[in-house]
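Working notes for the structure below.
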Amino acid sequence: FWFLLFRKWDIINSIDLDTILPGYYVSRIKNKICVYDAHEYFTEVPEVVRRPKVKRIWEWVAQKTIPNLKYCYTVGSGLAQIFEKQYGTPFGVIRNVPFQSKNKIQNKDSKIILYQGALNESRGLEQVIEAMTLIEDAKLWLAGEGDLSQQLRGLVREKGLENKVKFLGFIKPSQLKELTPKATIGLNLLENKGLSYYYSLANKAFDYIQCGVPALHASFPEYQQINQQFEVSILLDDLEKETIAEALQKLLLDKYYYNKLQANCALAAKEYIWEKEEERLLEIYEDIFSHL
């Protein structure tokens, strides 16, 4: 609050509810514009949902601020519709998509199943490791660290999967761009532990597409919408180890089906790129500045 109060600026961008109070109140004091950028359904993330008192506080924050803002945007159309109905203010959609890759889609000589992201709860990681007991001739790579890092390593030892599962630790973004195209299959298996996860649209989904890597996703609305336009993944209705293993085997063994999904990735990779998405973001700010 004090940082913003004693500096000159034209527009303040508040990202998620944990930054909206200082942005909103200083913008009112200075008669400036506050823009809300909702990266997720903040009041519905698992860490908030399981703490009712905390959830009520954040809901109060949201109701006191968002309905009074003219310019808002979020990461997917599903969340935009929910927020518009809930707060009575329009929301644009700016997706977290990568720059277009200059690398050609690679042929997959080795069979690598890749998860990139935090090793946290409700990411389906325990179930994927369990599923690896049913998979032959493939490796699981986990790129990232998190709250479950040690627990997952213990599970791998318990199941005797040290030769099948590799923990890569933290990977720099520049290195990840080189690593992801080597994968055969991408993973993004969030559990339905709240509306924030259910309506999420992970940036890793677009990273997999850009690198020509067919993926497994939970059957949530945003991934259903992508698959309706470009079939680039298998959508799972549950995260039982048998269900995951069956889908993995489908991609590993059915070359015709895999090649079809990979070809669709090449088509989708031309659409889901930051070069196109940034045009919509610039339009929002050009509109704001035209009204200053």
Side-chain angles (χ1 to χ4, degrees), residues 1-5 11-29 32-96 115-127 144-152 155 170 188-205 217-223 238-239:
F1 177 87
W2 297 109
F3 177 89
L4 296 174
L5 188 62
I11 298 171
I12 183 68
N13 185 302
S14 289
I15 298 174
D16 288 329
L17 289 182
D18 49 356
T19 70
I20 199 171
L21 282 177
Y24 173 72
Y25 283 114
V26 176
S27 69
R28 294 289 295 270
I29 292 171
K32 300 288 187 179
I33 290 177
C34 178
V35 178
Y36 181 49
D37 178 357
H39 285 188
E40 60 188 352
Y41 199 163
F42 194 92
T43 59
E44 293 292 335
V45 298
E47 295 85 350
V48 172
V49 170
R50 63 170 173 254
R51 295 184 292 173
K53 291 182 180 179
V54 172
K55 178 176 166 65
R56 285 196 293 272
I57 291 171
W58 287 118
E59 288 174 338
W60 178 86
V61 169
Q63 290 294 344
K64 286 292 182 179
T65 55
I66 299 174
N68 300 315
L69 300 179
K70 183 178 179 181
Y71 299 100
C72 305
Y73 53 86
T74 187
V75 294
S77 58
L79 284 181
Q81 292 172 13
I82 290 173
F83 292 154
E84 287 178 3
K85 182 177 180 181
Q86 194 166 18
Y87 303 117
T89 193
F91 270 76
V93 176
I94 303 295
R95 294 169 296 191
N96 190 5
Y115 170 83
Q116 59 181 62
L119 306 186
N120 289 345
E121 64 174 293
S122 303
R123 307 293 177 97
L125 298 172
E126 302 96 324
Q127 296 93 320
E145 296 289 357
D147 298 338
L148 297 185
S149 290
Q150 296 309 312
Q151 181 179 326
L152 294 175
L155 181 60
F170 288 115
N188 176 39
L189 296 176
L190 288 176
E191 298 177 43
N192 190 359
K193 291 291 184 68
L195 293 178
S196 183
Y197 276 11
Y198 185 67
Y199 286 103
S200 67
L201 185 52
N203 58 318
K204 65 171 67 71
H217 296 292
S219 186
F220 293 167
E222 295 292 348
Y223 307 113
D238 66 76
L239 299 185

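- Taking the six-membered ring for Trp, F91 and F83 have ring centres closer than 6.0 Å.
- The side-chain hydrogen bond (donor to acceptor under 3.5 Å, both in side chains) test applied to Q116 returns T180, D207, not counting sequence neighbours.
- Here the side chains of D37 and D16 are not in contact, with every heavy-atom distance at 4.5 Å or above.
- Considering SG of C34 and NZ of K32, their distance stands at 13.5 Å, rounded to 0.5 Å.
- Listed by chain and number, the residues in a side chain to side chain contact (heavy atoms under 4.5 Å, CB included) with V45 are E40, E47, V48, S196 (sequence neighbours excluded).
- A distance of 13.5 Å separates CD1 of I20 from NZ of K64, quoted to the nearest 0.5 Å.
- Partners of L5 according to the side chain to side chain contact (heavy atoms under 4.5 Å, CB included) rule, which considers only residues two or more places apart in sequence or in another chain, are F1, W2, V26, I29.
- Within the 4.5 Å cutoff, no side-chain heavy atoms of V75 are placed close to those of R95.
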- request: Apply side-chain contact (heavy atoms from CB on, under 4.5 Å) to N13 and Y73, showing your working.
  value: CA-CA 11 Å; N13 185 302; Y73 53 86; 2.9 Å; yes
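- Under the 4.5 Å side-chain criterion, counting only non-hydrogen atoms from C-beta, L69 is not in contact with Y71.
- Taking 4.5 Å as the limit, some side-chain heavy atom of Q63 sits within range of a side-chain heavy atom of Q86.
- Looking at T65, its side chain does come within 3.5 Å of a backbone N or O of V61 through a donor-acceptor pair.
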- request: Take R123 and Y197, measure what side-chain contact (heavy atoms from CB on, under 4.5 Å) needs, and give me the verdict at the end.
  value: CA-CA 10 Å; R123 307 293 177 97; Y197 276 11; 3.6 Å; yes
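- If you take CH2 on W58 and CZ on F42, they are separated by 4.5 Å, rounding to the nearest 0.5 Å.
- Side-chain contact between L17 and Y36 is present, with heavy atoms from C-beta onward closer than 4.5 Å.
- With hydrogens and angles left out, the side-chain atoms of Y87 and N68 include no donor and acceptor closer than 3.5 Å.
- A donor and an acceptor atom, one from each side chain of Y115 and N188, are nowhere located under 3.5 Å apart.
- Put simply, the side chain of E126 never gets that close to the backbone of L152: no donor and acceptor are under 3.5 Å apart.
- When all heavy atoms of L119 and S149 are compared, the pair lying nearest together is CD1-OG, 3.8 Å.
- In this structure, the separation between CD1 on I57 and NZ on K53 is 9.0 Å, given to the nearest 0.5 Å.
- E44 CD to L79 CG: the interatomic distance, rounded to the nearest 0.5 Å, is 10.5 Å.
- No hydrogens or angles considered: nothing links the side chains of Y198 and E191 as a donor-acceptor pair under 3.5 Å.
- Side-chain atoms of E222 come within 3.5 Å of backbone atoms of G78 as a donor-acceptor pair (strictly under, hydrogens ignored).
- Summarising the geometry of A80 relative to G92, their closest heavy-atom pair is CB-O, 4.4 Å, with the distance given to 0.1 Å.
- Under the salt bridge (Lys or Arg N to Asp or Glu O under 4.0 Å) criterion, R50 pairs with E121, sequence neighbours left out.
- Looking at I12 and I33, their side chains never come closer than 4.5 Å, going by heavy atoms from C-beta outward.
- The two residues T89 and C72 come nearest to each other via the heavy atoms CG2-SG, 4.0 Å.
- Within the 4.5 Å cutoff, the side chain of L148 has no heavy atoms near those of the N120 side chain.
- Taking 4.5 Å as the limit, every side-chain heavy atom of L190 sits out of range of all side-chain heavy atoms of S122.
- Scanning for side chain to side chain contact (heavy atoms under 4.5 Å, CB included) contacts around T19 gives S14, I15, with sequence neighbours left out.
- The distance from the OG1 atom of T43 to the CH2 atom of W60 is 15.0 Å, given to the nearest 0.5 Å.
- When the side chain to side chain contact (heavy atoms under 4.5 Å, CB included) test is applied to P90, the partners found at least two apart in sequence or on another chain are E84.
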